[in-house]
Amino acid sequence: WDYFQYTDALRTIKSLREKFSDDALYAFEAGAIFEAQHKDAEAVGEYVRALGNDEQKDRAKNRLAKFFVREPRETDDKEVEENTLRQINSAFEIEKTRRKDSSGLMLGYAEFLAKIRQNEKAETVLNRAVLVSMDDEFLEAARAFYQTAENNTGERIVLRRLAMTAANPRRKIQFQLQLAESFAEENNREAAKNVLETLV
């Protein structure tokens, strides 16, 4: 790749993916190679694939964001942004159907959407994953995402799910108390009271 031998580099990545049975291996690098070849659709697909990898996620988000705000433009900015986002979303939907567990990918995609200020779409994507997840690690990561965004509604959705899926009774109580506290901080005493009554 460093010597601009793009075909050889892609062949090597393909061989490694087959060897390790991992279609997302070196996704960011594959995306960068396709981008260097001006194959934007393939590049976007690989960058989206990299969103599900903790080590590659941040770089992939940055590259996708640059696609979204690319200069110069020959047409209306809004139109270009909508078309680009449609292309990225299409790649995301394709990648999501390929995975048995797409929760990590959905978190990465939500983070990308937040980066380009598509906060409502980010919340919709992440909530879909939260409502079906049984994975504590993912749910805690989703909660951290909402805390960073100062999105109390989203954080409460995660807290409810954590309380529902907790195997340990103490953790279940802990999450419900945190949920009640979250309502109390917004002076929603009725909601806080309902949570506590359920807990009792």
Provide the closest heavy-atom pair for [X] versus [Y] in the form atom of the first, atom of the second, distance.
{"X": "N119", "Y": "A114", "answer": "OD1-CA, 3.7 Å"}
{"X": "I88", "Y": "Y109", "answer": "CG2-CE1, 3.8 Å"}
{"X": "G31", "Y": "A43", "answer": "O-CB, 3.4 Å"}
{"X": "Q56", "Y": "A50", "answer": "OE1-CB, 3.7 Å"}
{"X": "R99", "Y": "A24", "answer": "NH2-CB, 4.0 Å"}

Output all residues satisfying side-chain contact (heavy atoms from CB on, under 4.5 Å) with R17, sequence neighbours left out; order by chain, then residue number.
I13, L25, A27, A30, E46, R49

Got a sec, which residues hit side-chain contact (heavy atoms from CB on, under 4.5 Å) with N168, two or more places apart in sequence or on another chain?
R170, R171

Return yes if some donor-acceptor pair links the side-chain N/O of T97 with the main-chain N/O of I94 below 3.5 Å, else return no.
yes

Return yes if some donor-acceptor pair links the side-chain N/O of S182 with the main-chain N/O of Q178 below 3.5 Å, else return no.
no

Quick check for you: to the nearest 0.5 Å, what is the distance between [X] atom [atom1] and [Y] atom [atom2]?
{"X": "L10", "Y": "Q5", "atom1": "CG", "atom2": "CD", "result": "12.0 Å"}
{"X": "D8", "Y": "R11", "atom1": "CG", "atom2": "CZ", "result": "5.0 Å"}
{"X": "Q37", "Y": "E35", "atom1": "CD", "atom2": "CD", "result": "11.0 Å"}

I'd like to check the salt bridge (Lys or Arg N to Asp or Glu O under 4.0 Å) partners of R189; sequence neighbours left out, ordered by chain and number.
none

Taking salt bridge (Lys or Arg N to Asp or Glu O under 4.0 Å) as the test, write out the residues that go with D101, two or more places apart.
none

Determine, step by step, whether D40 and F34 satisfy the side chain to side chain contact (heavy atoms under 4.5 Å, CB included) criterion, reporting the C-alpha distance in whole Å, the side-chain angles of both residues, the deciding distance to 0.1 Å, and the verdict.
CA-CA 7 Å; D40 289 354; F34 282 127; over 6 Å; no

Taking salt bridge (charged side-chain N to carboxylate O under 4.0 Å, His left out) as the cut-off, I'd like each qualifying pair that reaches into residues 145-157, sequence neighbours left out, listed once.
R143-E155, R156-E186

Pairwise salt bridge (charged side-chain N to carboxylate O under 4.0 Å, His left out) hits with a residue in residues 106-126, at least two apart:
K57-E111, K61-E111

Run L85 and L113 through side chain to side chain contact (heavy atoms under 4.5 Å, CB included) and show every step you take.
CA-CA 9 Å; L85 192 54; L113 290 171; 3.9 Å; yes

Among the clusters formed by ILVMFWY side chains lying less than 4.5 Å apart, do [X] and [Y] turn up in the same one?
{"X": "F145", "Y": "I116", "answer": "no"}
{"X": "I157", "Y": "V125", "answer": "no"}
{"X": "L177", "Y": "L159", "answer": "no"}

I'd like to check the side-chain hydrogen bond (donor to acceptor under 3.5 Å, both in side chains) partners of [X]; sequence neighbours left out, ordered by chain and number.
{"X": "E18", "answer": "K14"}
{"X": "R86", "answer": "N83"}
{"X": "N127", "answer": "Y146"}

F175 and V158, any side-chain heavy atoms less than 4.5 Å apart:
no

With a 3.5 Å cut-off and sequence neighbours excluded, list the donor-acceptor pairs that the side chains of residues 192-200 form with protein atoms.
from: N194; atom 1: ND2; to: E190; atom 2: O; distance (Å): 3.4
from: T198; atom 1: OG1; to: N194; atom 2: O; distance (Å): 2.9

L51 vs L64, side chain to side chain contact (heavy atoms under 4.5 Å, CB included): CA-CA, chis, key distance, verdict
CA-CA 10 Å; L51 290 175; L64 286 170; 3.8 Å; yes

Mind checking ring-ring contact (aromatic ring centres under 6.0 Å, His included) for F28 and listing every partner two or more places apart, or none if nothing turns up?
Y47

Is it true that atom OH of Y26 has more than 12 heavy atoms of other residues, nucleotides or ligands lying nearer than 6.0 Å?
no

Under 3.5 Å, sequence neighbours excluded: what are the donor-acceptor pairs made by side chains of residues 128-142?
from: S133; atom 1: OG; to: D135; atom 2: N; distance (Å): 3.1
from: D135; atom 1: OD1; to: E137; atom 2: N; distance (Å): 2.9
from: D135; atom 1: OD1; to: F138; atom 2: N; distance (Å): 3.4

